[in-house]
Each structure stands twice: as structure tokens, then as C-alpha cells.
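Presented below is the structure to which this report refers.
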Amino acid sequence: MSSAFILRDSGTSALQTEREGGEAITTQSGELSLADKVVELLHSTPSALVLAELAAIDPNTLPRPARIDYLTAIERQDSWIQALMHRAVIAVAGRESTPGDDPIYKVDDSEREDISTALRLSPTGAQIKIDIARALTNHLPNTCSALALGEISAAHANAIARETSSALNRGLPDSVIFEIENRAISYAEFHTPSQVGNLVRKVIAQRRPEEFEDSVASAHEMRRVTSFDEPDGMATIIALLPAHEAKIVMSALEAFILRSEITCGECDKSGGCAHIASDDRSKDMKRADALAAIASQFLASTVDEVTPHRRPLTVNVTIDLPTLMGLAENPGELAGYGPIPASVAREIASDARWKRFITEPVTGNLLDFGRESYEPPQALKDFLIARDRTCRFPGCRRSAILSDLDHAKSWESGGRTSAENVGSLCRRHHKMKTHYGWQLESFPDGSCRWLSPAGKEFFTPARAVSEPI
């Protein structure tokens with residue numbers, strides 16, 4: 001198969017040449033220019049050799065059109081590397097799910113943790129990698145080939161695998177899979193991954209309408225709310241809900257906004273208030289503020305009712321004394337997020353209960369904290385929750401107050417109930433340690449070392465109270 005290219009040599013007249021198989025492309029001078037070399041590599045089959053040649057080129061030395069070609073060529077190589085990544089994931093996790101005997105955590109527990117610790121991913125992120133690799137490897141061979149050849153991007157391949165996963169699990173016929181792959185791969189040439197995903201959903205709905213009800217029922221079981229940290233003191237909350245319940249949430253936010261426009265929250269006056277008249281927030285900003293206000297009101301109303309480890313669920317901020325007093329502007333530390341501006345930390349502290357913390361001056365690790373009365377069991381709980389802040393498994397961010405306090409060396413085997421031997425583990429990682437071969441060694445400073453069933457070691461360092469996690 002031949003493909004034609006137009007090559008230019010330093011502004012001279014264009015010369016049309018052809019490349020047959022692996023033959024080199026030449027200019028009128030008989031030498032390949034750097035820009036033309038990039039074009040050749042762009043149309044070459046992805047491989048380690050091609051990647052090495054691209055890596056040897058500094059894209060900043062290329063003319064602008066060639067820089068775009070270089071970017072596209074690198075993406076093709078990335079597709080090839082992602083195909084290798086899927087193969088590696090399958091080598092660790094296996095082509096099929098591994099059932100477990102636990103009534104809650106049944107599938108892929110050990111494999112997921114092997115991948116999450118090796119790649120420094122959350123367990124959810126590791127499971128997504130496993131699911132996509134299995135869908136592509138077991139059911140979508142043409143998509144795998146297109147990815148390995150750089151014909152589609154990893155994002156396009158992921159979209160095809162993600163949108164077909166539920167239908168594949170219900171036994172999608174080979175004829176439908178073949179149609180989906182052909183149409184999606186062709187469509188990907190000029191469309192985004194999101195558009196390709198929409199096409200795949202449409203094809204499945206057209207070819208398997210009798211399964212539409214089943215797919216909706218299955219999707220209903222996936223409803224969830226997740227939070228992702230963003231820069232600049234912000235975070236994104238995503239709620240995956242049935243459509244009609246999402247409408248209820250949005251209607252509740254609109255009702256909250258309308259009520260606040262009738263009755264001022266600042267002075268409790270109805271209508272014509274100066275606070276309402278001077279409100280210049282956008283509609284989106286009002287919805288965001290309404291969501292936070294509704295959640296804050298509910299949390300405050302349950303402060304004495306919901307008390308895991310005999311402590312209410314709270315939002316915790318660490319701030320040094322000079323900053324609290326306005327004598328310094330050091331950032332505060334929002335538990336589970338990271339640094340926030342001193343002004344925001346002081347605003348939170350102005351309407352909060354305070355607790356004194358004592359830290360080691362060099363490392364910042366928590367040594368002790370003040371309390372008005374001494375009660376050893378509860379004091380130890382308070383200390384561990386404040387020290388660990390989250391589950392101590394690598395990459396897990398489950399809050400310590402919602403986790404188990406577990407003995408690294410079990411009580412039955414002589415382990416002490418002490419700050420050195422006890423730490424926070426979420427229920428899933430607690431079960432992994434107890435029942436699935438993961439071993440834990442805990443140290444006096446709160447750090448710990450994990451040993452996986454495969455013999456791989458992972459270290460969780462001690463966490464300074466001012467350090468983001």
C-alpha cells in the first residue's frame with residue numbers, strides 16, 4: 001500500500017514523492033529534513049524504534065506545523081504503549097474476574113490491590129483499568145488492534161470499552177460487537193471520545209432494544225456520589241443518580257435559592273433587604289452555595305446523633321496559633337484536602353470548636369494533643385484518628401473516623417493496644433490484611449510497611465499534621 005506526501009525543502013518548490021513499505025522519503029537535495037522526518041515517523045507503525053527516534057527530536061526546533069505533526073505522532077506511540085499496558089494489566093489481574101468468599105467484597109480484591117499499589121492508583125482507579133483491559137482483550141479484538149497501531153487514541157478505546165461493558169457482560173452477539181467496532185473505529189477518526197461513546201450507545205440500543213430495561217436497572221445499581229480535589233482550594237462533587245432523582249436535587253437547590261431571595265439569611269427579613277439587593281452571585285454560584293448550605297445544616301443537626309468512635313463527623317482544619325491570631329499568613333490544612341488560605345482557615349475557625357495539638361518541631365508529626373479529661377481508651381482513639389487522618393493503606397483516602405482501628409500485630413498473637421501497634425484501616429483493607437494475605441508492620445511514628453501476597457513491599461510514611469494527604 002502506498003501513500004503520497006508533499007515535501008518542501010527550505011521554501012523551494014514542492015516535490016511529490018511516494019513511499020513504498022519502509023522506503024525512506026527524500027527531498028530534492030537527497031536528505032530528509034527534520035520536519036519531513038516527523039511526517040515519516042507519524043505514518044510509521046508505532047514501535048520502540050519509532051518512539052526512540054521521536055524522543056531524539058526536540059519539538060521546539062520544529063516549525064509550527066511540524067510541531068503539531070510531532071504531537072500527533074507521540075499520541076500514536078502513546079496508544080501503542082497503552083495497548084502494552086492493557087496486556088500487562090491482564091498479566092497481573094487475569095483475563096477473568098477472581099471470585100472471593102467474602103459477602104461484601106467478592107471480586108478482584110487481591111489483583112486490584114496489586115495494581116493500585118504498583119501504579120499508585122486508588123482501588124477504584126485500579127478496577128477501572130482492569131475492567132477496560134478485560135473488555136478490550138476478551139471481547140474487542142479490532143479495537144485492541146486499532147489501539148496498538150495508533151489508529152485510535154487510548155481515550156477512544158476506553159470509551160468503546162466503557163460503553164459496551166454492560167452489554168458485553170450480558171452476552172452481546174459477535175455480529176453486534178463487529179458492527180460496533182467497525183463503526184466506532186471509523187467514527188473515531190473525526191470525532192471525540194465522548195461522541196464515539198454516544199455512537200456506541202446508540203448502536204447497542206438499536207440492535208438490542210429488549211435489553212434497554214435491564215441496562216437501566218443495572219445502571220441504577222451504580223449510583224454514587226464522589227468528590228475530587230481541585231486546585232486553588234476547590235473540589236468537584238459528582239453525583240451519579242437516576243435522572244428523576246437528579247431533577248429532584250436540582251429542584252431542591254432552586255427552591256432553596258428562591259426562599260433565600262424571599263427571606264434573607266443575614267438579617268432574617270422578608271423582601272426588600274439590602275443584602276438580597278446587593279447579591280451579585282451568578283446562578284451557578286448560588287446553586288453551589290445552596291448545596292453547601294443544605295449539607296451544612298444537616299451535618300449540624302446530627303452532631304449529637306452520629307458519632308463514630310464517639311466523635312461527631314466534622315470538617316477539620318489545622319492552623320498555627322500566630323495565623324489564627326492574625327499575626328501570620330501561613331496556610332491552614334484542611335483534612336482530606338490540603339492547604340487552604342489563611343483567611344479561609346480563620347473564617348472556619350471563627351465558628352468552630354478548637355483542640356490543641358502538639359507536634360514534633362522538625363518533622364511536624366503528631367506527638368500528643370490536649371484534652372480536658374483523661375480517659376485512656378477514648379484518648380487513644382482520638383490520637384490515632386488525628387495522627388492517621390485516613391486509612392493507612394497506600395493510596396487509600398477513606399477518612400480515619402469512618403475506618404476501623406486495627407492492631408498491626410493481632411491482639412490474639414500478643415499485639416499491644418498502643419499507638420505504635422494500632423492504626424486506621426478502612427473496612428476493605430482491614431479485611432485484606434486479615435483474610436487475604438496482606439501483612440502489615442507498624443512503627444512508632446505512625447508509618448507502616450505492607451507486604452503483598454506477591455511479595456512486594458509498599459511503605460506508607462508518617463504524616464505531618466500540616467502535610468496534605
Side-chain angles (χ1 to χ4, degrees), residues 1 3 5 35 37-57 59-60 62 64-93 115 119-122 124-168 172 176-204 228 238:
M1 178 179 179
S3 52
F5 299 89
K37 180 64 174 178
V38 170
V39 173
E40 180 189 31
L41 295 173
L42 169 61
H43 292 86
S44 299
T45 300
S47 66
L49 179 60
V50 173
L51 181 58
E53 291 192 59
L54 284 168
I57 298 174
N60 293 303
L62 299 170
R64 185 164 185 80
R67 295 182 186 186
I68 298 173
D69 290 335
Y70 184 89
L71 175 64
T72 308
I74 290 294
E75 189 202 34
R76 291 195 68 199
Q77 298 300 312
D78 178 66
S79 296
W80 171 66
I81 291 173
Q82 289 304 312
L84 295 179
M85 175 66 78
H86 292 318
R87 189 169 68 178
V89 168
I90 292 297
V92 175
I115 290 175
L119 302 183
R120 300 178 300 281
L121 297 173
S122 68
T124 299
Q127 189 63 54
I128 290 173
K129 270 193 172 295
I130 293 172
D131 293 341
I132 288 177
R134 285 176 178 160
L136 290 170
T137 304
N138 294 337
H139 304 288
L140 302 168
N142 293 329
T143 306
C144 276
S145 296
L147 181 65
L149 293 173
E151 295 175 357
I152 60 175
S153 70
H156 287 97
N158 291 352
I160 296 171
R162 187 171 54 249
E163 296 299 341
T164 57
S165 59
S166 60
L168 289 171
L172 201 63
V176 178
I177 294 176
F178 182 76
E179 179 183 356
I180 289 172
E181 288 196 289
N182 282 348
R183 293 182 61 177
I185 292 170
S186 299
Y187 202 66
E189 184 175 3
F190 300 108
H191 296 85
T192 66
S194 176
Q195 291 171 320
V196 170
N198 289 338
L199 174 70
V200 172
R201 286 197 298 273
K202 180 179 179 180
V203 174
I204 293 175
F228 302 95
I238 298 176

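Note that these values count all heavy atoms, side chains included, but never hydrogens, waters or copies made by symmetry.
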When you measure from the side chain of [X] to the backbone of [Y], do you find a donor-acceptor pair of N or O atoms at a distance under 3.5 Å?
{"X": "R76", "Y": "L42", "value": "yes"}
{"X": "R134", "Y": "A93", "value": "yes"}
{"X": "Y70", "Y": "N60", "value": "no"}

Considering non-hydrogen atoms only, spot the tightest contact between [X] and [Y] and give its length.
{"X": "S153", "Y": "S79", "result": "CA-OG, 3.4 Å"}
{"X": "R201", "Y": "E163", "result": "NH1-OE2, 2.8 Å"}
{"X": "I132", "Y": "A161", "result": "CG2-CB, 4.1 Å"}
{"X": "A48", "Y": "W80", "result": "N-CH2, 3.2 Å"}
{"X": "A184", "Y": "V200", "result": "CB-CG2, 4.0 Å"}
{"X": "Q82", "Y": "A154", "result": "CG-CB, 3.6 Å"}

Kindly compute the distance separating [atom1] ([X]) from [atom2] ([Y]), expressed to the nearest 0.5 Å.
{"X": "N158", "Y": "D131", "atom1": "CG", "atom2": "CG", "result": "11.5 Å"}
{"X": "C144", "Y": "L149", "atom1": "SG", "atom2": "CG", "result": "11.0 Å"}
{"X": "S122", "Y": "I128", "atom1": "OG", "atom2": "CD1", "result": "7.0 Å"}
{"X": "E53", "Y": "Q77", "atom1": "CD", "atom2": "CD", "result": "10.0 Å"}
{"X": "I204", "Y": "E179", "atom1": "CD1", "atom2": "CD", "result": "10.5 Å"}
{"X": "I180", "Y": "Y187", "atom1": "CD1", "atom2": "OH", "result": "15.0 Å"}

Do [X] and [Y] come within less than 4.5 Å of each other through their side chains, counting heavy atoms only?
{"X": "I152", "Y": "V196", "value": "no"}
{"X": "N198", "Y": "K202", "value": "no"}
{"X": "K129", "Y": "L121", "value": "yes"}
{"X": "L147", "Y": "H86", "value": "yes"}
{"X": "I57", "Y": "L62", "value": "yes"}

Could you work out, with side chain to side chain contact (heavy atoms under 4.5 Å, CB included) as the rule, every residue matching [X], not counting sequence neighbours?
{"X": "N142", "result": "F178, E181, N182, I185"}
{"X": "S47", "result": "L49, V50"}
{"X": "I81", "result": "L51"}

Please assess V89 against I115 for the test side chain to side chain contact (heavy atoms under 4.5 Å, CB included), listing each intermediate value before the final yes or no.
-> CA-CA 8 Å; V89 168; I115 290 175; 3.8 Å; yes
Where do L199 and R183 land on the side chain to side chain contact (heavy atoms under 4.5 Å, CB included) test, with the steps shown first?
-> CA-CA 8 Å; L199 174 70; R183 293 182 61 177; 3.7 Å; yes
